[in-house]
Protein chains: 2
Amino acid sequence: MILPLRQQAEHVVVLRKLESIADLTQEDKQAILDLPVNVRIFEADTDIVRDGDSPTECCMILEGFTCRYKLLPDGKRQIMGFYIPGDIPDLQSLFLRTLDNNLGTFVRTRVAMIPHPFLRNLFRSHPRLAEIFWRDSLIEGAIFREWMVGLGRRSGYQRMAHLLCELQMRLRAVGLAEKNGYDLPLTQNEIGDALGLSTVHVNRILQELRSDGLIVLRGGALNILDWEGLKGAAEFDLTYLHFDSDHLAKQA
Amino acid sequence: MILPLRQQAEHVVVLRKLESIADLTQEDKQAILDLPVNVRIFEADTDIVRDGDSPTECCMILEGFTCRYKLLPDGKRQIMGFYIPGDIPDLQSLFLRTLDNNLGTFVRTRVAMIPHPFLRNLFRSHPRLAEIFWRDSLIEGAIFREWMVGLGRRSGYQRMAHLLCELQMRLRAVGLAEKNGYDLPLTQNEIGDALGLSTVHVNRILQELRSDGLIVLRGGALNILDWEGLKGAAEFDLTYLHFDSDHLAKQA
DNA sequence: CGAAGGCTTGATAGACCTCAAACACAGTGG
DNA sequence: CCACTGTGTTTGAGGTCTATCAAGCCTTCG
């Protein structure tokens, strides 16, 4: 059943996400909240869309934790990004007919599906919103690039620290992180698939981060003991997330 | 001095590039050729734009060979993509104020600079072209993702093979590759910066690819001896380049 | 012809992987 | 209530890929 986004409790998170990267007028917000969406629930460890699919709707994460990944012929997996509430990970399906990767869940996830025609109409009637979504997809590209730098040139230790910093900033932007940590429902194996490391090595790196007094990760909860230290270890510079200046001012 | 793009000999390559990823109407082509551009020449090994810049124009490569890269505090470099004639590598500057990476040349490069206002006007008057450029930036994202998979989960040997395959397809799409090779004006050190490998290791991998009878790379010219073998070694699947179906039909 | 940059080779070292097994813990069923 | 199971975590040992260091070689070019 299709209902306007405003009827979903989590619509707040969607607005927060967009406001973290751009200024929204009252009318912009209205238009977004009026979007007709189809809410679906995906269980943990299932695929939302798959490599080779040609979706006719875009999905917006309302609640849960998801990733984009590819599988190699030999069974290896590379996770290319994490998507949290407020994100629209397959906006690309609007302009790229066949998907070249999978979107999967880690936990039970609520998703708002928006049929392509509604989005196309929105972009036609609100060119400024089209620009904002374009901007969002460019920011996603910037995040890919930052990950590439990590995979190519940083140590496992640095990559891990960097990932934890990125998620802290992004989750906090939508109100889903505490000042010093957040829920991270990933196994060490899954973290390895994101960082290009083996499970064993992820485990050893986490111990090292712990013994350096930077973090504790246990039972799906990340506790950041030393934010400045973690940022330093990661050489983390949040420019690449391209937050809106107003958003940054508010956070500070 | 600002002149319409049509006055540049290389305007053909720009149209070829766009037609490789989308259908252009006669009017679309006109509008693009009418774009006022400012041609600039960059010597080899110079930066076109830099990390931290806030450009007021986008650049379109007319001739030459360039890359996007980041530098790490310790001096390490990661190249995140190569840009060839027809590409518009900093379209993102339209929507992301401050650049988070550098664009640099390898050889003397001719670039058409397009002031932002002209592009904004173009997109307003030709929404279909806006969609095509949006599509192009999404394809760039898809290329980033494919590189991430390589950096995270493929061996140096496979990554090298994959890079050579990608460039063959992209250069061929704009008429700059032969059936069995192309000019590749990169040092082994620069290739290493793209693949996340040391110069020494790049050298050894190239020898291996040669002794496997797949390629010869010498004096800036790549000769592909066994295309199927190279594709196989790379597990290369061109879906991620999202070429237009018409373009693929023509190539076949 | 000398200098500079890139290529090649050898030797050594380190980051990270694979394999294998033990451990911890939550959920299940008798 | 307690084995039993399954999944995830942890530890150890050995091996591989790739980095680093250092030197020699080759080509280009002023």
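Each chain gets a letter, A, B and so on, in the order the sequences are listed, and its residues count up from 1.
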**OP:** State which residues pass side chain to side chain contact (heavy atoms under 4.5 Å, CB included) with A/Q251; sequence neighbours excluded, sorted by chain then number.
**Re:** A/R172, A/H247
Give every donor-acceptor pair under 3.5 Å between a side-chain atom in residues 77-85 of chain A and any protein atom, sequence neighbours left out.
| residue | atom | partner | partner atom | Å |
| --- | --- | --- | --- | --- |
| A/R77 | NE | A/D193 | OD2 | 3.0 |
| A/Q78 | NE2 | A/D193 | O | 3.3 |
| A/Q78 | NE2 | A/A194 | O | 3.1 |
| A/Y83 | OH | A/R68 | NE | 2.9 |
| A/Y83 | OH | A/R68 | NH2 | 3.4 |
| A/Y83 | OH | A/E140 | OE2 | 2.3 |

Can I get a per-line list of side-chain donor-acceptor pairs under 3.5 Å for residues 205-212 of chain A, giving both atom names and the distance, sequence neighbours left out?
| residue | atom | partner | partner atom | Å |
| --- | --- | --- | --- | --- |
| A/Q207 | NE2 | A/N203 | OD1 | 2.4 |
| A/S211 | OG | A/E208 | O | 3.2 |
| A/D212 | OD2 | A/Y157 | OH | 2.4 |

Subject >> Positional range of nucleotides in DNA chain D within the contact set of chain B, heavy-atom, under 4.0 Å >> reply: D/dT18 to D/dC21
**OP:** Taking only heavy atoms on the protein side, list every residue of residues 207-219 of chain B lying under 4.0 Å from any atom of DNA chain D, sorted numerically.
**Re:** none
**OP:** Determine the contact category for B/T199: base if any of its heavy atoms lies under 4.0 Å from a base atom, sugar-phosphate if only primed atoms, P, OP1 or OP2 are that close, otherwise nothing.
**Re:** nothing
Subject >> Close residues, residues 157-164 of chain A, relative to DNA chain C [heavy-atom separation under 4.0 Å] >> reply: A/R159
**OP:** Please list, chain by chain and in numerical order, all residues satisfying salt bridge (charged side-chain N to carboxylate O under 4.0 Å, His left out) with B/D90, sequence neighbours excluded.
**Re:** none
**OP:** Could you tell me whether A/G192 contacts a base, only the sugar-phosphate backbone, or nothing, with contacts defined as non-hydrogen atoms closer than 4.0 Å?
**Re:** nothing
Donor-acceptor pairs under 3.5 angstrom involving side-chain atoms of residues 51-60 of chain B: please list them, not counting sequence neighbours.
| residue | atom | partner | partner atom | Å |
| --- | --- | --- | --- | --- |
| B/D53 | OD2 | B/R50 | N | 2.8 |
| B/S54 | OG | B/R97 | O | 3.4 |

Original post:
chain A on DNA chain C: first and last contacting nucleotide, 5' to 3', under 4.0 Å to a heavy atom?
Top reply: C/dC16 to C/dC19
Original post:
Is there any salt bridge (charged side-chain N to carboxylate O under 4.0 Å, His left out) pair reaching into residues 196-207 of chain B, and which pairs are they, with sequence neighbours excluded?
Top reply: none
Original post:
For B/T187, which contact category applies under a 4.0 Å heavy-atom criterion: base, sugar-phosphate, or nothing?
Top reply: sugar-phosphate
Original post:
Taking only residues two or more places apart in sequence, or in another chain, which ones meet A/H11 in a side chain to side chain contact (heavy atoms under 4.5 Å, CB included)?
Top reply: A/L5, A/L33
**OP:** To the nearest 10°, let me know how far the axis at one end of the helix from C/dC1-D/dG30 to C/dG30-D/dC1 is tilted from the axis at the other, five pairs an end.
**Re:** 30°
